[in-house]
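Reminder, nothing fancy here: chain letters follow the sequence lines and each chain counts from 1.
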Number of protein chains: 2
Amino acid sequence: MTVIFSKKCELALQAVLFLSIKKDQIIFSSQEVSNEIKVPKEFVSKMLQTLTDSGIIGSKKGKNGGFYLARRPSKIKLIEIVEAIDGLSVFKNCVLGFPNCSSEHPCPVHDKWGKIRDDAFKMLSEETLEQLKEKTVKKITSL
Amino acid sequence: MTVIFSKKCELALQAVLFLSIKKDQIIFSSQEVSNEIKVPKEFVSKMLQTLTDSGIIGSKKGKNGGFYLARRPSKIKLIEIVEAIDGLSVFKNCVLGFPNCSSEHPCPVHDKWGKIRDDAFKMLSEETLEQLKEKTVKKITSL
DNA sequence: TCGTTTTCAGATTATTTATTCTTATTTAAT
DNA sequence: ATTAAATAAGAATAAATAATCTGAAAACGA
């Protein structure tokens, strides 16, 4: 099987998008996030912990605790979540897996892939969660 | 970690490209392929077996046996190798991992990703191994 | 025919990723 | 203070993928 992002990263993207459609800094328990994105709460919790480490998510312990966006949706881009979980290697490595793929020693699809890779990076870098909000609401409510 | 294609698929692409730069139907042992693309010969052998099953590669047993392109390089496209090893799910599934992502229920990056995904598919579908030959030679000799 | 080489197929091992479970700690409410 | 609810942390398990090994069968050459 083949993926662009790891499962953990996909779920992180989904969870962060979910958190971004609510009012700023509202706290949700892992149980609530779990219900919304349909994933076991233990996994949600583990995954949000990772994002907490990288400062995108904040957490509050104890009763009525939970997770919340640490920064405003207008300040967060999807690429940050990808970077925090999977890193940016997909945007660096040769798509055919050749070692030392570069403009000096390009693989047969080096230039074409370069263009596509940059487009993908842009897609995740240009819009903030705030700008994606309307689309996100529509998608989440359809789940 | 994150990949577009599985390791097996990457190596399959490399191996097939390598075979395409030689004269038609020349046989190479897994050992020779192994030397060229710098990968353990057992792994090469396993991977080429899979391609043999799907008819892209032919094999010959016994002494002086080995693997060869079953069809002419002018008749083979990279996407066929991807399909044989990893399948085409990357080109179908939602990049954010949302279930049921479609034009009725698009994820926040549905349209943009659709464009990129199609470009990537094109990249692998448009040129034949024959057309990539010159670039392939340059790359392989640099390894 | 016999021996050698080499693929083939399947079993095995190792590694990575995904998922679940358990325990401890924190916090809020009573 | 005590209790209940929640995360944090890390261990444990499961599953998928990557990589290696082994024995059998096939093909060639002498």
Side-chain angles (χ1 to χ4, degrees), chain A residues 1-15 19 25-35 37-70 82 84-87 89-90 93 97, chain B residues 1-15 19 25-35 37-70 82 84-87 89-90 93 97:
Chain A
M1 225 263 296
T2 305
V3 290
I4 308 290
F5 305 126
S6 68
K7 194 116 194 185
K8 190 175 175 187
C9 187
E10 288 183 349
L11 293 178
L13 289 163
Q14 293 179 24
L19 292 175
Q25 262 81 353
I26 282 203
I27 287 189
F28 288 88
S29 68
S30 58
Q31 182 62 66
E32 290 171 303
V33 177
S34 163
N35 292 339
I37 65 176
K38 271 78 181 174
V39 162
K41 82 178 200 325
E42 293 84 0
F43 196 19
V44 167
S45 158
K46 256 257 142 295
M47 174 266 289
L48 288 179
Q49 272 174 45
T50 307
L51 287 182
T52 301
D53 294 342
S54 59
I56 294 165
I57 293 287
S59 71
K60 194 183 165 215
K61 290 186 182 179
K63 194 170 181 182
N64 300 326
F67 298 96
Y68 55 91
L69 281 189
V82 172
I85 307 273
D86 280 345
S89 62
V90 224
N93 299 151
Chain B
M1 226 260 298
T2 303
V3 291
I4 308 291
F5 305 126
S6 67
K7 194 118 195 181
K8 190 175 174 188
C9 187
E10 287 183 350
L11 294 178
L13 290 163
Q14 293 179 23
L19 292 175
Q25 261 81 352
I26 282 203
I27 286 189
F28 289 88
S29 69
S30 57
Q31 182 62 67
E32 290 172 302
V33 178
S34 163
N35 291 339
I37 65 176
K38 273 78 180 173
V39 162
K41 82 175 198 331
E42 294 85 359
F43 198 18
V44 167
S45 162
K46 239 299 85 317
M47 174 265 288
L48 288 178
Q49 273 174 43
T50 306
L51 287 182
T52 301
D53 293 342
S54 59
I56 294 165
I57 293 287
S59 69
K60 196 181 165 216
K61 289 186 181 180
K63 194 172 180 183
N64 300 325
F67 297 96
Y68 56 91
L69 281 191
V82 172
I85 306 273
D86 280 345
S89 61
V90 224
N93 299 152

- Item | A/D86 side chain vs A/S6 backbone, donor-acceptor pair below 3.5 Å | yes
- Item | Whole angstrom value for the distance that separates P of C/dT15 from NZ of B/K7 | 14 Å
- Hey, is the main chain of B/K41 close enough, under 3.5 Å, to the side chain of B/S45 for a donor-acceptor pair? no
- Query: To the nearest 0.5 Å, what is the distance between CG (B/L19) and CD1 (B/I27)?
  - Reply: 10.5 Å
- What is the distance from atom CD1 of A/I85 to atom CD1 of A/I56, rounded to the nearest 0.5 Å? 7.5 Å
- Message: Using only atom types and a distance under 3.5 Å, with no angle test, would you say the side chain of B/S34 pairs donor to acceptor with the backbone of B/V39?
- Response: yes
- Message: I need the B/L48 CG to B/D53 CG distance, nearest 0.5 Å.
- Response: 11.0 Å
- Note on the structure: Atom CG of A/L51 and atom P of D/dA9 are separated, to the nearest Å, by 14 Å
Please write out the pairs of protein N or O atoms and N or O atoms of nucleotides 25-30 of chain D separated by less than 3.5 Å, giving the distance to one decimal.
| unit_1 | atom_1 | unit_2 | atom_2 | d |
| --- | --- | --- | --- | --- |
| D/dC28 | OP1 | B/K60 | NZ | 3.2 |

- Item | Nearest-Å distance for atom pair CD/P, residues A/Q49 and D/dA6 | 16 Å
- Atom-pair distance (CD1 on A/I57; C1' on D/dA8), nearest Å: 15 Å
- Interatomic distance, OG@A/S59 vs OH@A/Y68, rounded to 0.5 Å, equals 6.5 Å
- Note on the structure: So, with a heavy-atom separation below 4.0 Å from DNA chain C, the residues of residues 37-45 of chain B are none
- Of B/Q31 and B/K46, the one whose closest DNA chain C nucleotide lies more 5': B/Q31
- Atom CE in A/M47, atom CD1 in A/I37: separation rounded to 0.5 Å? 4.5 Å
- To the nearest angstrom, how far is B/K8 atom NZ from C/dT15 atom P? 20 Å
- Message: Applying side chain to side chain donor-acceptor pair (under 3.5 Å), can you list everything that pairs with B/Q31, at least two apart in sequence or on another chain?
- Response: B/N35
- B/F28 CZ - C/dT7 P separation (whole Å): 13 Å
- Distance test, side-chain N/O of A/S30 to OP1/OP2 of D/dT7, below 4.0 Å: yes
- Message: How many whole angstroms separate atom CG of A/D53 from atom C1' of D/dG10?
- Response: 13 Å
